[in-house]
Every structure is written in C-alpha cells, then in structure tokens.
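Here's the structure, in structure tokens; my notes come after.
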Amino acid sequence: MTQENAPAALTAADAQDKHRPTTSPTSATRQLCHNRQRVASVANGASRSKRHVSQNWETSAAIVASSGSALPPVPPAPARWTVASDRAPHRGRAGTALDFPGQTRNNQSRSRRPAVGPVATGEPAEPEENDAMRRMKTAAILSQAPIGEDVEVRGWVRTRRDSKQGFAFVEFNDGSTLANLQILVETSLPGYADWIHHLTTGASIGVCGVVQASPAKGQSVELLASALTLYGTAPAEKYPLQKKQHSFEFLREIAHLRPRTNTFGAIARVRNALSAAIHNFFQSRGFLYVHTPIITTSDCEGAGQMFRVTTLDLARLAQLKGEIDWGEDFFAKPASLTVSGQLEAETFACALGECYTFGPTFRAENSNTTRHLAEFWMVEPEMPFYDLADNMDLAETFIRTILRDVLERCPADMEFFNQRIDKTVLETLRNITDNEFVRLSYTEAVGLLENSGRKFEYPVRWGLDLQSEHERYLTEEQFRRPVILYDYPRAIKPFYMRCNDDGKTVRAMDVLVPRVGEIIGGSQREERLDVLVARMTECGLNPDDYWWYVDLRRYGTVPHAGFGLGLERTLLLLTGMINIRDVIAYPRTPKHAEF
RNA sequence: UCCCCGAUAGCUCAAUGGUAGAGCGAGCGGCUGUUAACCGCUAGGUUCUAGGUUCGAGUCCUAGUCGGGGAGCCA
C-alpha cells in the first residue's frame with residue numbers, strides 16, 4: 001500500500017467510490033474478454049447441469065467478445081470480464097488466453113500458466129503499460145491490508161451471499177490462512193446474471209480487484225472485484241461439501257475433499273509447521289538429517305508384524321505346494337517395509353555424530369484405535385556419547401521447543417482448534433511448554449500406582465507393562481503434565497536397550513503426555529558387545545542376522561542413545577483432534593487404503 | 001484380534017410391531033453491507049445387505065458388511 005493510493009483519512013465510503021470500477025454498459029462492452037469456459041467443462045465432464053454451465057458461459061462470452069472486437073482499442077479499463085474460449089477471437093496481446101489485467105513482471109510467467117485445460121496459446125503477453133496488479137495470497141492481504149492496491153487472488157469459493165443492493169459477497173479461501181477473504185462482486189460486471197449463480201461452494205475462481213477497507217463488521221478489508229475468472233464449477237446438488245459442519249466420519253469418506261474445510265486446512269498448515277519446527281530444532285543443533293531405507297531385511301524390534309515386500313507372483317505361489325524359495329524374490333531374501341530407521345541411524349551416529357531420521361514408518365499390526373496407523377511418520381534422533389539422562393533432556397527440550405514454535409507460527413489455526421475442537425488445547429500446550437516434565441523410574445511409578453488407592457481394571461505389579469489407564473492416571477490426574485518414565489524391566493523391552501547393573505532393568509524411557517499417552521519411546525543403546533549378543537540370544541534373535549549392527553560394538557563402540565517421536569501423535573496433542581486418522585492426509589489402517 | 005454401541009433424505013438425527021419425520025443443506029421467491037444471515041414455499045427415501053418371525057417389520061431374530069467408542073500391540 002502506498003500513501004498516494006490510500007490516504008489514511010479516506011473514509012470507507014470514499015474509498016469505495018474512488019476505486020469503484022467503471023460500470024456503464026458501454027465501457028463494459030469495450031473490454032476484451034476471454035472465455036475460460038473450456039477449462040470449466042474439461043474439469044467437470046458432461047452432466048446435464050454442467051452443460052447448462054457451458055451454455056451460459058459461451059453466451060456471455062460471445063456477446064462481449066464480439067462487442068469488444070468491433071470497437072477500437074481503448075486503454076485498459078478497471079472492469080473487465082475475463083473469459084477465454086478457443087472459439088473466441090484472440091486479437092493482439094490482450095487476446096492471449098490467460099491474460100489477466102494488470103499483471104506484474106515478477107509473477108507474469110507464473111500467472112499466465114494455465115491452471116487446467118487447453119486454453120494456453122503459448123504466446124506470453126507483455127505486461128500492460130499501467131500494470132499495477134500483483135498476485136497475492138489471502139494471508140498476505142489480511143495481514144498487510146494493502147488498501148487501494150490492485151491485486152489478483154486465485155482459490156476457491158466457500159460461500160456466497162447475494163444482496164439486492166447491486167452486489168454479492170463471495171467468501172473466498174486460497175488455503176494460505178484459515179480466514180476467508182470477502183470479495184465484493186458487483187452486479188454491473190458484464191454478464192453477471194449469467195455466471196454469478198455458478199460461484200457456489202467449491203467453485204474455483206481467480207479475481208482481480210482493489211483492496212478496500214470493509215465498512216461492515218467481520219473483516220477489516222475486502223476485495224472489490226473488477227475481473228473474475230471461473231476455472232471450474234462445483235454444482236451444489238452434487239458437491240459433497242456443504243455450507244455447514246460435517247462429521248469427521250463423513251469427511252474421512254471424502255478425504256480428497258476434506259483439505260477444503262477449515263479444520264483440515266488448519267491441520268495441514270499445523271502439520272507443515274510442525275515438520276519445519278522439527279527440522280529447525282535439529283538443524284540448529286548440528287544434527288545430521290539421514291535418510292534411512294524404507295525397504296529393509298532386518299526387523300528392528302524383533303517383534304511386530306511387518307509388511308512384506310515382494311515381486312513374487314502371489315497368485316501362482318498360492319497354487320503351489322511346498323516352501324517358498326526366497327532366492328527367487330527381488331532381494332533374494334525376505335524383505336519388508338521398515339518399522340524403524342533406528343538401527344541404520346545408529347550406524348551414522350557412530351560415525352558422524354548427532355543425526356536424525358524423519359520419514360514414513362510401517363506397522364502391519366491389526367490395530368483399530370484412535371492412536372494407531374499402519375503408515376505413520378516418525379522422527380528418530382540418535383546421539384553418540386549420550387546417556388539416558390542426556391537423552392531425556394533432549395527429548396524434553398525437543399517437545400517443548402517444537403510445540404512453542406508451532407504456537408508462534410500458527411496462532412490463527414491454534415486459536416481455531418482451541419475454539420472449535422478442544423477448548424483446553426492451548427492451556428494444555430502452554431502447561432507443557434512452561435513446565436518441566438516429571439521424571440519417574442518405572443519402579444517408582446509402580447509404587448505410586450499401587451499406593452494411589454485407585455481401583456484399576458488391570459493389575460499393577462512390578463514386571464508387568466503399564467496399561468493405558470495407568471499412564472493416563474499419571475499424566476492426567478497425578479501430575480497433570482508430561483511424565484518421563486525410565487528404567488523399565490528388561491523382560492518387556494527390546495534387545496538393543498542398555499542393561500542396568502541391577503540385572504533387572506534396561507535404560508529405556510517413555511514420554512507420556514495427557515490424553516495421547518506415549519508420544520516418545522527411546523533408550524540408551526547397549527554398546528557392550530558381549531551383553532548385546534547375549535541379549536539378542538535371550539530375545540530369540542540370531543546375532544548373525546544383525547552382523548552389521550553388532551559390528552558397531554566390535555569397532556570403536558561408544559555409549560549412545562536415541563528416541564522416536566510419533567508425528568501424528570504429536571499432532572493429536574497439538575490440535576486437540578481425537579482420531580489419528582484425521583491428522584494425516586490419507587490414513588492407512590486395517591482394510592483401508594483408499595485414495 | 002476382543003468387548004460394547006450404531007447404520008433411516010445430500011449431512012446430522014427422530015419415529016409403542018400399524019400411512020416415513022425434523023433441523024441443516026439444495027432449488028425457487030422475498031428481505032438484507034451481508035458474514036453459521038434471516039423469512040416463505042418446493043423437491044428429495046430400495047430405512048446398509050441377505051435370510052427369517054409376523055396379518056403387517058425402519059422397529060423383533062440370524063448372518064454378513066461398514067462406522068464409532070474402549071482394550072491389546074506401539075509411536
């Protein structure tokens with residue numbers, strides 16, 4: 001925004017008049033107009049209602065285009081109806097199919113790229129003389145409020161409210177922020193009556209116009225449209241998303257459309273911010289980002305179902321009798337999708353220092369809960385010369401830092417979650433970022449639970465793993481904040497965890513948080529060769545199968561530690577969402593891999 | 001995988017074994033610098049599937065499918 005364009009003293013009414021486009025029929029018909037109707041019809045197929053759309057668009061395009069071509073060239077006017085048809089005359093540079101009035105040089109090439117369909121002419125148009133329009137996202141418009149500036153936005157209609165006062169209000173969203181941009185569409189735009197009813201929930205549009213102060217409550221600025229392009233319609237009688245709240249169960253069935261809702265847009269932005277915060281945390285501390293393999297022939301936990309990866313013909317194998325010859329398979333031995341990158345990450349940590357992995361992980365367990373996915377994302381840092389205390393320190397700092405970063409970066413989305421999803425989520429998160437975690441040994445926790453006077457459904461006894469109800473009691477009732485439990489019985493933990501001198505426990509640690517439960521699992525690793533080999537045998541594993549992992553203890557072994565953080569569980573904590581299937585784009589769970 | 005609950009209009013849900021209903025959404029009209037708008041009218045149903053009981057089943061019984069909650073496995 002510039003001082004010349006928008007004097008601070010200008011009233012809302014003044015601004016509106018000053019920037020109101022020329023709307024007389026004469027000037028309107030002078031606009032060179034292009035029809036994007038083919039874009040719409042390509043995207044929509046050929047149902048009855050869609051044909052209806054096409055007819056209207058062709059009609060309005062034909063009228064305006066013929067008028068425009070019959071008149072002598074005029075300077076670009078503020079109001080122009082941009083539609084493009086492959087049948088419409090393309091005259092001069094303004095006739096280029098995707099020409100928008102007033103594009104800046106900076107984003108010219110990008111703006112002229114067709115979104116869909118065959119309408120591009122390949123003839124890039126030169127920017128016009130008084131080209132002042134620039135492409136902007138809603139987030140920038142709302143935060144910068146560039147009053148008086150000509151801008152262009154592209155996105156989707158959320159709702160429309162018609163007024164008989166000569167305009168309609170279009171709620172517009174381009175995903176850049178939770179808030180919608182209110183667009184004022186005046187009935188004086190060419191062909192208004194023919195196309196306004198196509199601006200329904202879900203329709204994709206581009207709008208050029210001037211940013212102006214809004215005279216009504218609800219928004220500080222709005223966009224007064226001077227030109228509008230319809231990319232694709234979304235017939236209201238068919239489009240599944242309505243101008244109302246939908247249940248998460250229903251939205252899960254249309255997961256390809258749910259990013260268009262407030263909740264799932266906010267989740268996507270928070271997930272993005274969380275991922276960035278995770279990388280920032282490690283990168284700023286000198287951790288190395290390591291890409292560990294997705295396909296593996298080792299079983300990290302020595303337990304748990306894995307997804308088999310094979311190129312063998314399963315249909316043929318099913319008819320054959322006898323043993324499967326794995327030598328015939330792609331890797332010449334059984335291979336699976338990884339359940340953890342930890343073992344591979346250890347090899348890098350024991351060479352290059354602190355490192356971390358961040359990628360998808362797969363578990364073929366038949367889990368049907370709100371906290372389990374068959375495919376999920378996990379962050380696994382691994383640090384040489386760290387003991388369990390160092391590990392717990394890092395995990396605590398890590399969680400508090402990434403939560404704080406997301407709170408800072410996504411205030412609007414987080415406020416939305418607090419208002420509409422879980423009214424306690426902000427309080428819970430601040431409680432986590434502002435307070436130290438409780439640290440409790442497993443033995444202490446068992447004693448505490450035994451003496452709580454509380455009746456649990458499952459027994460509490462040293463040597464048994466803690467149940468969900470026990471963990472929830474600790475985090476939600478006893479301490480009301482995250483709890484790190486450590487030094488678990490060795491019998492209930494995997495082979496790679498370092499054995500304590502008591503002979504009964506291992507240097508494991510779980511970070512438990514209210515409502516979600518275990519969000520981090522980690523340990524100090526067993527770095528002593530003889531102890532590790534003995535433990536593998538004890539767990540029923542053949543050390544020869546892990547020869548490369550055991551080699552780390554043969555050559556220059558070091559004490560080291562690490563942990564794994566479930567990304568989706570962190571998102572549950574962050575957003576207040578209940579079901580883990582709603583914080584990942586396309587959840588994979590037993591019997592479900594649609595999309 | 002186990003336990004419990006559910007499936008009725010596009011969505012969310014009502015409906016003693018006896019003619020299928022509402023709100024929201026949609027269409028049409030009215031009103032309005034509107035904003036979860038408001039007011040009126042209209043359309044919209046193989047009551048998840050397959051059997052069974054009954055004069056009669058959305059309702060009762062059996063099996064299956066799908067969804068939700070809890071548990072286990074774990075991140």
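Just so we're on the same page: letters track the sequence lines, and every chain starts at 1. On a predicted model such as this, the values are computed, not experimentally measured, just so you know.
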B/C74 phosphate, OP1 or OP2, under 4.0 Å from A/Arg569 side-chain N/O: no

Base B/U34 to side chain A/Glu171, donor-acceptor N/O within 3.5 Å cut-off: no

Along RNA chain B (nearest heavy atom to each residue), the more 5'-positioned of A/Asn366 and A/Ile578: A/Asn366

Side-chain-base donor-acceptor pair under 3.5 Å for A/Glu222 and B/G33: yes

Test item: side-chain donor near acceptor, A/Ser523 and A/Arg525, under 3.5 Å: yes

No-H, no-angle donor-acceptor pair, A/Gln182 side chain to B/U34 base, under 3.5 Å: yes

Sugar-phosphate only, base, or nothing, as touched by A/Tyr458 at under 4.0 Å among non-hydrogen atoms: sugar-phosphate

Is_stacked (A/Phe167, B/G33) at 5.5 Å, 30 deg: no

Residue A/Ala236, side-chain heavy atoms: nucleotide from B/G72, B/U34, B/A26 that is nearest: B/A26

A/Ser468 side-chain N/O to B/G72 phosphate OP1/OP2 under 4.0 Å: yes

Pairwise 5' ranking along RNA chain B for A/Thr200 and A/Phe250, keeping only the more 5' one: A/Phe250

C1' atoms of B/A15 and B/G45, separation to the nearest Å: 14 Å

A/Asn368 (side chain) and B/U1 (base): donor-acceptor pair under 3.5 Å: yes

Rounded distance in Å - CD1 (A/Ile254) to C1' (B/G67): 15 Å

Separation of atom NE2 in A/His592 from atom C1' in B/U65, rounded to whole Å: 11 Å

Base paired to B/U16 (Watson-Crick or G-U; both N/O distances under 3.5 angstrom): none

Proximal nucleotide (of B/G69, B/A75, B/A71) relative to the A/Thr370 side chain: B/G69

Shortest side-chain distance from A/Gln242, nucleotide among B/C11, B/G33, B/A71: B/C11

Backbone N/O of A/Ala345 and side chain of A/Tyr356: donor-acceptor pair under 3.5 Å: no

More than 12 heavy atoms from other groups under 6.0 Å of CZ on A/Arg420: no

Touch class at under 4.0 angstrom, heavy-atom based, for A/Ile519 against every strand present: sugar-phosphate

Euclidean distance for C1', B/G29 against B/A14 (whole angstrom): 30 Å

Whole-Å gap separating P (B/C74) and CD1 (A/Ile580): 15 Å

Check: A/Gln165 side chain, B/G33 base, donor-acceptor under 3.5 Å: no

Value in whole Å for how far the C1' atom of B/G10 lies from CD of A/Glu237: 11 Å

Value in whole Å for how far the P atom of B/G67 lies from CZ of A/Arg252: 9 Å

Nearest-Å distance once atom P is located in both B/G68 and B/C11: 15 Å

N or O in side chain of A/Lys238 less than 4.0 angstrom from B/A26 OP1/OP2: no

Separation between the P atoms of B/C2 and B/U16, rounded to whole Å: 33 Å

